[in-house]
Amino acid sequence: MLTPTDFFQIIKGKVKRQWILAFCSTVTVGLLVHMPVMLSDIPNHDGLASMYFDQNMITSGRWFLTVACGFSSYYTLPWLIGLLGILYLGLASAALTELLEVDSGWAIVLNGGLLAAFPALASTFAYVFTLDGYMLAVLLAVLAVLLTKKYRRGFLPGAVCLALSLGIYQAYLAFAMILSLFAVLMLFAEEGKVSEKVRGALRYLCMGALGSALYYIMLRLLLLIQGKELASYQGINEMTSGTAGRGLWEVIGGLYRDFAAFTLKGNVLYQNWISFGALCLLLLASAILALALVYCRKWWKNPQFFAIMVVAAVLMPVVTNVILLVSPGVTYHLLMRYQWVLYLIGLTSFVSRQSGRVRKGAVLEWAAAIAVFVLVFFYGVADNIGYTNLQRRYEKTYAYCVRLLDRIEQTEGYYQGIPIAMIGVVGNEQFPATDITLSATSNMIGLNGDFLLYTGANYRAFMEHYLGATLNILPPEAMSEMYYSEEYTAMDSFPGEDSIRIIDGIMYIKTENVGR
């Protein structure tokens, strides 16, 4: 029987230097960029209700999320959850290095930096209570494609990995689809028979079909066992209803428009003229190299090359925004757009692998390396701007709730447990916007804005967890009749003198704007 020392010696002999470099660079950049949020307790609005949450999100189609998040317990422990998430991401980076066949040290390190610093990850950190599970889903999505590529029947375990990834978070289907597209392009760039390449490409299709089928079968089985139905949240119940009442061309047109709008105006791929210049430099270096390869390898004489390029160009927006095809009614948050980083990683890997085949290839490598380094740096800056605003949101919310709680307890007729009815929105006339980070965080869902409060449930959770006060805040339906009454309309908005009234034993609190 092997001793632990023997076992790790065997493992050490099988681990490539490139994998270690990818893992270490991703973890290092991840810790440097995201340490502020990992060492703090600064929840967003959803986090207020998830201080302890078993992550049973099967009604949202996430039947494996409760298992994926169970390793860190179901308590919100930012340091532990963040560390696990970054470790999963480091493993995903190593798998990407193998999948994309990257050998250059500079490209491996910078690819890890892109993966760890891309702003979509910061938006995911705002929902830290699910971060470790989501990063495990990313790892599984990468492994699904890698197994399919490396082994003849690898599409079978790849399908299992894909099903588990979708069972954690369906948005990472795009991750697997983009990487499959990259793998197919790499396959067709090699010498060999077209028939063999087609068979190789079909393996990825089989992996996707089997993985999706397995995910859906498990979902239906577990819904049946638990006696539940899919919720309407984010259009998840539209998964099997085609275009959900929309015309097919309308859905496809919207998909392409969203791809172009986010890429060009999303304020994520670049945030200022320096990062825009770096992005342009990376694109330029890649384009020059691609044209040089087309000329040197005489691909321009091959009609097959042009057909593949056209098909790839048409498919890229589709596989990137596949979630809009599956659930057209989804609200597309930034944490669902992590897959855009793969295009930057793909370009970096392409330059590092192919530059040696053309003249002046070293110049192109330097251009790409400098460009990606600049992008990684500014992505890290953008992430920390978002974390700074999240901290300020918490502090402004804390100060606001202290004042509100004091007014509630000083209101004549108040007693512990009195029913409280309120809308919950903070009025922007009494408390005008003070978020100075909006130019950088406008698209970073969970990190922008001024307060953490949007509903009565947010107030109840914040005061319970951070002020030690338990309020009996009624569900929104309690406001249905009072909301349109003359009495409520005449009330001031908090902190106005007449912003709290007790009517028929219920305390009504008006926080929204006076004129509604």
Side-chain angles (χ1 to χ4, degrees), residues 60-62 118 120 123 137-138 141 144-145 159 162-163 165-166 169-185 187-188 198 201-213 215-216 219 230-269 283 303-347 443 445:
S60 293
R62 306 172 200 171
F118 195 66
S123 190
V138 169
V145 184
L162 180 62
S165 178
L166 296 178
Y169 197 39
Q170 302 92 324
Y172 296 126
L173 172 62
F175 234 84
M177 295 183 74
I178 293 173
L179 291 175
S180 295
L181 184 59
F182 286 177
V184 171
L185 289 175
L187 179 64
F188 275 89
V198 171
L202 287 176
R203 295 212 312 270
Y204 297 97
L205 187 61
C206 289
M207 179 270 290
L210 289 174
S212 299
Y215 159 75
Y216 187 71
L219 174 61
L230 288 175
S232 59
Y233 173 72
Q234 288 286 45
I236 193 64
N237 58 340
E238 299 175 353
M239 280 197 304
T240 58
S241 59
T243 57
R246 299 169 175 82
L248 177 61
W249 292 114
E250 178 188 351
V251 171
I252 293 177
L255 181 152
Y256 277 90
R257 286 192 297 273
D258 178 88
F259 180 85
F262 181 79
T263 301
L264 299 175
K265 299 180 180 179
N267 198 32
V268 173
L269 287 174
L283 292 171
Q304 175 188 310
F305 168 77
F306 293 101
I308 292 171
M309 289 299 101
V310 169
V311 171
V314 170
L315 284 180
M316 279 183 179
V318 177
V319 298
T320 305
N321 272 350
V322 66
I323 194 69
L324 292 179
L325 201 60
V326 176
S327 297
V330 70
T331 301
Y332 215 166
H333 298 320
L334 179 59
L335 72 166
M336 303 165 71
R337 296 183 184 272
Y338 195 18
Q339 62 270 23
W340 258 263
V341 75
L342 292 177
Y343 290 111
L344 302 175
I345 290 174
L347 292 175
N443 220 347
I445 182 69

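Side chains are part of it too, since the values below use all heavy atoms of this structure and drop only hydrogens, waters and symmetry mates. Start at 1 with the first residue, then count along the sequence. These figures come from a predicted structure and were not determined experimentally.
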Taking the side chain as every heavy atom from C-beta outward, state whether [X] and [Y] have any atom pair closer than 4.5 Å.
{"X": "Val145", "Y": "Leu162", "value": "no"}
{"X": "Leu230", "Y": "Leu219", "value": "yes"}
{"X": "Leu269", "Y": "Leu344", "value": "yes"}

Checking Phe175 now: which residues fulfil ring pair (Phe, Tyr, Trp, His ring centres under 6.0 Å) with it, not counting sequence neighbours?
Tyr338

Partners passing ring pair (Phe, Tyr, Trp, His ring centres under 6.0 Å) against Phe262 (at least two apart in sequence or in another chain)
Trp340

Taking only residues at least two apart or on different chains, which pairs with a member in residues 202-211 satisfy side chain to side chain donor-acceptor pair (under 3.5 Å)?
none

Going by side chain to side chain contact (heavy atoms under 4.5 Å, CB included), name the residues that satisfy it together with [X], two or more places apart in sequence or in a different chain.
{"X": "Val198", "result": "Phe188, Val194, Leu202"}
{"X": "Leu210", "result": "Phe155, Leu156, Ala159"}
{"X": "Phe306", "result": "Trp300"}
{"X": "Leu347", "result": "Leu282, Leu283, Ser286"}

For Thr320, give me all partners under side-chain hydrogen bond (donor to acceptor under 3.5 Å, both in side chains), at least two apart in sequence or on another chain.
Tyr343

Any residue meeting side-chain hydrogen bond (donor to acceptor under 3.5 Å, both in side chains) with Asn267, in chain and number order, not counting sequence neighbours
Ser442

Heavy-atom pair with the smallest gap, counting every atom of [X] and [Y]:
{"X": "Ala176", "Y": "Ala141", "result": "CB-O, 4.0 Å"}
{"X": "Leu324", "Y": "Leu255", "result": "CD1-CA, 4.2 Å"}
{"X": "Glu250", "Y": "Arg257", "result": "O-NH2, 4.2 Å"}
{"X": "Tyr215", "Y": "Ala163", "result": "N-CB, 3.8 Å"}
{"X": "Met336", "Y": "Tyr169", "result": "CG-OH, 3.1 Å"}

Main-chain N/O of Asn321 paired with Gln339 side-chain donor or acceptor, under 3.5 Å
no

Starting at CD1 of Ile445, measure out to CG of Leu334 and round the result to the nearest 0.5 Å.
9.0 Å

Would you give the length of the straight line joining atom CE of Met177 to atom CE of Met316, rounded to the nearest 0.5 angstrom?
12.5 Å

Pair Val268-Phe118, side chain to side chain contact (heavy atoms under 4.5 Å, CB included): steps then yes or no
CA-CA 8 Å; Val268 173; Phe118 195 66; 3.9 Å; yes

Could you list all the salt bridge (charged side-chain N to carboxylate O under 4.0 Å, His left out) pairs where at least one residue sits in residues 334-344, not counting sequence neighbours?
Asp258-Arg337

